[in-house]
Amino acid sequence: MTQVDIKFPDGSVRKFEQGTTGLEIAQSISSRLAKEAIAVKVNNTVMDLNTPLPEDTSIEILTFEHPEGRKIFWHSSSHIMAQAVLELFPNAKLAIGPSIEEGWYYDFEVEKPFSPEDLIKIEKKMQEIIAENAPFQREVKSRQEVIKHFQETGAIYKVEILEEIPDEEVTLYHQSRFEDLCRGPHIPRTGMIKAFKLIATSGAYWRGDEKRTMLQRIYGVSYPKKSLLDDYLHRLEEAKKRDHRVLGKQLELFTISESVGAGLILWLPRGARVRNEIENFWREEHLKFGYDLVYSPHIANRKLWEQSGHTDFYSDDMFGPIEVENNLYQLKPMNCPFHIVMYKSRLWSYRDLPLRWAELGTVYRYERAGVLHGLMRVRGFTQDDAHHFVVQEKMEDELVWILEFCLHILKSFGFTNYEIYLSTMPEKAIGAENNWRRAEDGLRHALEKIGLEYNIDEGGGAFYGPKIDIKIKDALGRSWQCSTIQFDFSLPERFDLYYIDSHGQQKRPFMIHRALLGSIERFFGVLIEHYSGNFPLWLAPVQVKVLPVTDNFIEYGKEIVDKLKENKIRTVLDDRSEKIGAKIRNAEIFKIPYMLVIGAREVESKTVSIRKHSHGDLGTKKLDEVISLLQKEIRLKGLNEN
C-alpha cells in the first residue's frame with residue numbers, strides 16, 4: 001500500500017496509508033481528539049473528516065475550539081433545525097441557514113410567523129434528530145439534475161440559488177431523512193451536538209430586499225457541552241443589561257427620531273461630551289504621532305465618484321444624486337477620493353513620503369431599514385479615517401508603524417484582546433499579482449514583527465487590495481470589527497497618482513486606507529456596552545457630582561464646583577431640595593464616577609466626603625488631595641502606570 005507524508009501544524013511529519021481519512025488520523029493521535037474532531041483542514045481547504053487523503057499534504061484537525069470548527073458545528077446545527085421545521089411544518093420552504101458570529105439562523109417561508117410554542121416543538125424535534133446520531137453524508141450531483149429535483153419539490157429558493165451557480169456539479173448533504181443544498185463541510189454525526197437553544201425569531205426579507213418575500217428567521221446556538229450553553233445564556237442576559245440602546249436612553253446620551261430620519265443619530269449633551277473627549281484624544285494622538293489633519297466637504301460632484309468607481313461598485317449604498325446648477329452632486333459615502341484630490345494638488349518627491357493624512361469625516365450610506373440597529377448600524381456616521389501614501393520600498397515599515405499606533409489607541413480605551421484577520425487576494429482582483437503578493441507579505445511580516453497572532457482569510461480581500469481587520473473583544477468576550485488596514489491598488493491607478501523617485505522618474509505610490517475606531521457612532525456604542533455605561537473617569541460625561549446634604553451647604557458646594565472646573569474636571573452641583581439619599585440614588589442611576597457629599601462637618605473642616613459609583617463611601621479628604629487623585633486617574637485613563 002502506498003504511503004503519504006502528512007504534515008501537522010507543529011511541523012512534524014508522519015506517514016499514513018494513501019486514502020487515510022482525517023478521522024482515522026485523529027484516532028491515531030488520541031481517542032479524545034477523534035471524539036471532538038469536527039473537520040479536517042487540508043492545505044488550507046476545510047473538508048469533511050471522512051475525506052480520503054490521496055497524497056502528501058498538510059493537515060489540521062479542527063475541533064469546536066477552532067473558529068472554523070465552530071462555524072461548521074453551527075452550520076450543521078442549522079441543518080438539524082431545518083429538518084425539524086420541515087417535519088413539523090411540511091409546507092415550509094427552505095431558504096438559507098448560515099452560521100453567524102455565535103450560533104446560526106435559518107430562513108423559512110411559512111404560512112404564519114413562528115410562535116414561542118412553535119420553538120418549543122422545534123427544539124423537541126431537534127432533540128429526537130440529535131438522538132438518532134445520524135451521519136452527515138455528502139453527495140455530488142449535476143447542477144441541472146438538482147435544479148429539476150428542487151423544481152419538482154417546490155424548493156423555489158434553492159432553485160434560485162442553483163441558477164446562479166456556474167459549476168457543472170453541486171453538492172448535497174444528507175442526515176437522517178433530510179437533504180439540503182450545501183457546500184459543506186459538516187460535523188460527522190448529529191449526536192455531536194450536546195446542548196442547544198433556539199433564541200429568537202424575526203422577519204427577514206429574502207436576500208435583504210424589501211421587494212422580495214418576507215421570510216421567517218429562527219436564531220439558535222449550540223455547543224458540544226452544556227456548560228458552554230450555560231455560559232452563553234448568562235452572557236446573553238448580561239448583554240441585555242448592557243444594550244447601548246437601553247443605556248443610551250437611561251443615561252441621556254443619544255436619541256433617534258423618525259422626524260429626523262431612521263439611522264441618523266442625535267447626540268444629547270451627555271453623549272456629546274463623551275464624543276468630544278474621544279475626538280479630542282484622537283486628534284491629540286494623531287498630531288503627536290506625526291499625522292496631518294485634513295477636512296473635506298460632505299458632498300462632491302458626481303464625476304468624482306464616477307472616477308473613483310463608487311458609482312459602479314457602490315451606487316446602491318449611496319444617497320443622491322442632488323442636482324445643483326445642472327451638475328449632479330453626491331453625498332459622500334467615503335472620504336478617500338477627497339484625500340486623493342488633495343494629493344494631486346501638488347507634485348511630491350520620494351523625500352516627502354510617507355504622507356499620513358487623517359480626518360474625522362462624516363459620511364452617509366444607505367442602509368436598509370431592516371438592518372439599522374441603534375449606534376451599531378446607521379445611515380450617517382463619522383469615520384476616523386486616514387490615508388497613507390507610501391513609497392513601495394518603505395511599505396513594510398509603514399505597516400508596522402500603523403499597527404503599533406492602532407494598538408496604542410485601542411489600549412487607551414481599555415481594549416487589549418483582539419481577533420486579527422489577514423485577508424488575501426480574491427478571485428476577481430485588480431492590480432498586478434506581484435504587487436498583491438508584496439502587499440500580503442508586507443501585512444504578514446508587520447503582524448509577525450509585532451508578535452500578533454492572526455488568522456488568514458483566504459480570498460477575503462477586497463477587489464482593490466488585501467487588508468488586516470482587527471476585532472476588539474469587549475468585557476463579555478464579544479468581537480467587534482473596528483480597525484482596518486487596507487491596501488488599495490485601484491485608486492492610485494484611477495487617479496494616476498505618482499511621486500518623483502531618487503532617479504527623477506515618476507513612480508506609483510502605495511496607498512493604505514486606515515480606520516482605527518471604525519466610526520465614532522459604532523465605537524461609542526461598543527464603549528457603552530463594554531463598560532455597561534460605567535465609563536472610565538476620563539470619558540465620563542460628568543466626572544464628579546457635588547451633593548450638599550441640605551440647602552445650607554449649597555454655597556460651599558459652588559466653591560467646590562468652581563475649583564474642580566478650574567482643574568478641568570467635569571463637575572455639576574445637585575442643588576435640588578431633595579434628601580441626600582435621593583441625590584445619591586440619582587447620581588448612581590446616571591453612573592457618575594464620583595460623588596462629593598458635603599455637610600456641616602465638611603464645611604467646618606474644609607473637606608469633602610467621597611463616594612465612588614458602585615463602591616460606596618471612600619472617606620473624607622481635603623479637596624486638593626481629591627483633585628490630585630482624580631487628575632492622576634484621568635491621566636492614566638484607568639490603565640496602569642506602565
Side-chain angles (χ1 to χ4, degrees), residues 235-258 260 263-282 372-378 380-382 412-415 472 474-476 478 480 482 517-547 561 564-565 568-576 578 580-597 610-616 630 633-634 637-638:
R235 283 185 281 120
L236 192 64
E237 285 303 310
E238 185 63 28
K240 290 178 182 177
K241 298 176 188 175
R242 294 170 177 257
D243 189 323
H244 74 280
R245 296 166 298 177
V246 175
L247 288 173
K249 184 175 182 179
Q250 175 190 322
L251 301 179
E252 298 178 4
L253 300 172
F254 69 93
T255 188
I256 301 171
S257 171
E258 288 299 323
V260 173
L264 301 173
I265 305 303
L266 298 170
W267 293 78
L268 300 174
R270 292 173 185 270
R273 286 179 203 150
V274 182
R275 173 172 176 160
N276 189 54
E277 289 303 312
I278 294 171
E279 292 186 353
N280 284 343
F281 172 74
W282 185 94
L372 295 175
H373 180 75
L375 294 169
M376 305 304 191
R377 201 76 176 264
V378 295
F381 57 93
T382 300
S412 299
F413 287 98
F415 297 107
I472 57 175
D474 69 9
L476 297 183
R478 298 173 298 178
W480 301 93
C482 283
L517 310 181
S519 81
I520 298 297
E521 285 75 7
R522 189 168 185 274
F523 189 73
F524 184 47
V526 173
L527 282 174
I528 293 171
E529 299 204 2
H530 176 62
Y531 288 111
S532 194
N534 298 304
F535 296 110
L537 185 62
W538 76 281
L539 282 176
V542 175
Q543 295 168 321
V544 176
K545 199 165 194 178
V546 178
L547 311 179
V561 169
L564 289 168
K565 286 184 175 180
K568 301 187 184 307
I569 296 169
R570 293 186 292 280
T571 312
V572 296
L573 174 69
D574 189 342
D575 57 2
R576 298 173 302 155
E578 295 278 357
I580 189 63
K583 292 182 178 183
I584 291 173
R585 282 194 298 274
N586 179 263
E588 289 286 347
I589 288 171
F590 279 94
K591 301 179 186 287
I592 310 296
Y594 288 97
M595 292 152 266
L596 302 184
V597 179
I610 310 172
R611 292 185 64 88
K612 188 172 183 179
H613 173 61
S614 297
H615 287 74
L630 294 175
E633 187 175 338
I634 291 168
K637 295 179 170 54

Test log, rule side-chain contact (heavy atoms from CB on, under 4.5 Å), inputs W267 and I520: CA-CA 11 Å; W267 293 78; I520 298 297; 4.2 Å; yes
Worked check of side-chain contact (heavy atoms from CB on, under 4.5 Å) between R576 and N586: CA-CA 11 Å; R576 298 173 302 155; N586 179 263; 3.8 Å; yes
Verdict with reasoning, K583 to K545, per side-chain contact (heavy atoms from CB on, under 4.5 Å): CA-CA 10 Å; K583 292 182 178 183; K545 199 165 194 178; over 6 Å; no
Test log, rule side-chain contact (heavy atoms from CB on, under 4.5 Å), inputs L539 and F281: CA-CA 10 Å; L539 282 176; F281 172 74; over 6 Å; no
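Considering only heavy atoms from C-beta on, H373 comes within 4.5 Å of H244 through its side chain. Within the 4.5 Å cutoff, the side chain of I528 has heavy atoms near those of the F254 side chain. For the pair R245 and D243, the minimum side-chain heavy-atom distance is below 4.5 Å. At least one side-chain heavy atom of E521 sits less than 4.5 Å from a side-chain heavy atom of R275. Looking only at side-chain heavy atoms (C-beta outward), L372 and I256 stay at 4.5 Å or farther from each other. With contacts defined as side-chain heavy-atom distances shorter than 4.5 Å, the pair L537/Y594 qualifies. Considering only heavy atoms from C-beta on, L247 stays 4.5 Å or farther from L253 through its side chain. Between M376 and V526, some side-chain heavy-atom pair lies under the 4.5 Å cut-off.
Nearest heavy atoms, F524 versus G271: CZ-CA, 4.2 Å. Nearest heavy atoms, P541 versus F535: CD-CD1, 3.9 Å. Taking both residues in full, the closest heavy atoms of G374 and I265 are given as O-CD1, 3.9 Å, listed atom of the first, atom of the second, then distance.
One distance of note links NZ of K612 with CD1 of I592; it measures 14.5 Å at 0.5 Å rounding. In this structure, NE2 on H613 lies 7.5 Å from CE on M595, to the nearest 0.5 angstrom. Considering CD of E588 and NZ of K591, their distance stands at 9.0 Å, rounded to 0.5 Å.
Looking at R570, its side chain does come within 3.5 Å of a backbone N or O of A540 through a donor-acceptor pair. Remark: side-chain polar atoms of Q543 are not paired, donor with acceptor, to backbone N or O of P593 under 3.5 angstrom.
For the pairing with E529, the salt bridge (Lys or Arg N to Asp or Glu O under 4.0 Å) check across R478, R242, R235 returns one residue only, R478.
For K240 and E237, the salt-bridge test passes: some basic side-chain N is under 4.0 Å from an acidic carboxylate O.
Aromatic ring orientation, Y531 versus F415: tilted (interplanar angle from 30° to 60°).
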